[in-house]
Amino acid sequence: MSLVLFRERDGRVARVVLDRPELRNAFDEDLIATLTETFLRLAKESGVRAIVLEGRGKAFCAGADLSWMKKMAGYTLEENLADAERLAAMFEAIDSCPRPVVARIQGAALGGGTGLAAVSDIVVAEEGTLFGTTEVRLGIVPAVISPYLVRKIGESAARYWFTTGERFDAQAAARVGLVHTVVPMGSLDAEIERLLDAFLSGGPEAVAEAKRLATSASARAAATSSIAARRVSAEGQEGLRAFLEKRKPVW
Ligand code: COA
């Protein structure tokens, strides 16, 4: 099994761990299928309020498994298209997950590993981590991840990194908005726990709705109907009442 799922904080936090450390957590068809299925399943579990995505060992994720990619030359165009669709479905499952997803990144996040950062809501990276869309150096392109990356880092940075294939460090990734927080070596967990406290302090339905508003261009109509529904909801009423009664909300 190349992926492990842990439950923490009474099941309210799911920790999804890529577990192919000997290959720097590169994903092949098995890992793609398991990661997709795991996120689709977690999306339906109402008790899960936050998800941490991480990779075991020296690197977060070295992207696509290059042996698997190479092997695809022996497959038909239809088979290659179906395979690319499965890869796209993996990124989409993470991107559209209703719960906040935090990526905990150390070592390297290259190719599809940078793509995983792009579809996570919050990215915390250890100093010295290398990012990069290195595909052109291999004669391929950052195709499936491109919409998510362009959305996150903007066209200017995407033109630069996609075409040069240069690796860039966590500070550079933070400057273009791919990384939210760069932490010193050994400090990833403290920052992740702080973020989990924050997610669990929010109303669960409100956090999911807030993520939806942040991800879609929140048209005025959607925004007004959203707050109108939230403030009369049981959760909204409890949060407002708790504030006024100077107590912690019960959720
Ligand atoms: N696919 C398949 N195998 C990979 C891989 C990938 N994307 N990335 C690393 N590996 C393998 C290496 O071939 C090596 O295998 P070996 O032990 O049989 O020789 C093993 O993982 C460890 O890699 P190594 O390069 O020795 O580790 P490192 O810690 O020094 O460096 C990386 C880690 C991630 C910086 C480096 O492996 C790397 O640059 N990988 C390629 C990443 C890439 O270009 N991804 C884009 C994919 S589109």
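All figures in this text were calculated on a predicted structure; none of them were measured in a lab. One-based numbering, in listed order, for ligands and for the atoms of each. Hydrogens, waters and symmetry mates are skipped; everything else that's a heavy atom, side chains included, is used.
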Self-check item: Presence of salt bridge, Arg86 and Glu29, under 4.0 angstrom
Solution: no
Is the shortest N/O to N/O distance between Leu66 and ligand 1 below 3.5 Å? yes
of all protein heavy atoms, closest to atom 30 (O) of ligand 1 is Lys58 NZ, 4.3 Å
Ranking Glu135, Met69, Arg167 by closest non-hydrogen atom to atom 48 (S) of ligand 1, top hit is Glu135
_Below 4.0 angstrom, counting only protein heavy atoms, does anything approach atom 12 (C) of ligand 1?_
no
Counting from 1 in the order shown, the ligand 1 atoms closer than 4.0 Å to a non-hydrogen atom of Ala26 are 1 (N), 6 (C), 7 (N)
Filtering Cys61, Pro21, Ala64 for the heavy atom nearest atom 6 (C) of ligand 1 leaves Ala64
Look at atom 22 (C) of ligand 1 and say whether a protein heavy atom is found at less than 4.0 angstrom from it. yes
Practice problem: State whether any protein heavy atom lies less than 4.0 Å from atom 25 (O) of ligand 1. | Solution: no
Yes or no, since that's all I need: does a protein heavy atom fall within a distance strictly under 4.0 Å of atom 19 (O) of ligand 1? no
Tell me whether the rings of Trp161 and Phe168 are parallel (<30°), tilted (30 to 60°) or perpendicular (>60°). parallel
Problem set entry | atom 36 (C) of ligand 1 touched by protein heavy atom at under 4.0 Å | no
Any salt bridge between Glu235 and Arg230, counting N to O under 4.0 Å?
yes
Item checked: Flag side-chain contact, heavy atom, 4.5 Å: Arg151 against Asp95 -> yes
- Query: Is the closest heavy atom of Glu22 to ligand 1 under 4.0 Å?
  - Reply: yes
* Asked: Is atom 41 (C) of ligand 1 less than 4.0 angstrom from some protein heavy atom?
  -> no
Yes or no on side chain to side chain donor-acceptor pair (under 3.5 Å) for Tyr160 and Glu155, after CA distance, side-chain angles and deciding distance? CA-CA 9 Å; Tyr160 187 104; Glu155 195 176 316; over 6 Å; no
- Could an N or O of ligand 1 be found under 3.5 Å from any N or O of Ala62, whether backbone or side chain? yes
The protein heavy atom nearest to atom 29 (O) of ligand 1 is Arg24 NE, 2.8 Å
Ser2 and Arg20 have their tightest heavy-atom pair at CB-CG, 3.4 Å
Looking at Asp28, Thr134, Leu23, Leu130, the heavy atom closest to atom 44 (O) of ligand 1 belongs to Thr134
Here the pair of heavy atoms bringing Leu35 nearest to Met90 is CD2-SD, 3.6 Å
Would a distance-only check, ignoring hydrogens and angles, find a side-chain to backbone donor-acceptor pair under 3.5 Å from Thr114 to Gly132? yes
Salt bridge or not between Glu238 and Lys248? Use side-chain N to carboxylate O under 4.0 Å.
no
When every non-hydrogen atom of Ala158 is compared with those of Val150, the smallest separation belongs to CB-CG2, 3.9 Å
**Asked** Would you say atom 16 (P) of ligand 1 touches the protein, meaning some protein heavy atom is under 4.0 Å from it?
**Response** no
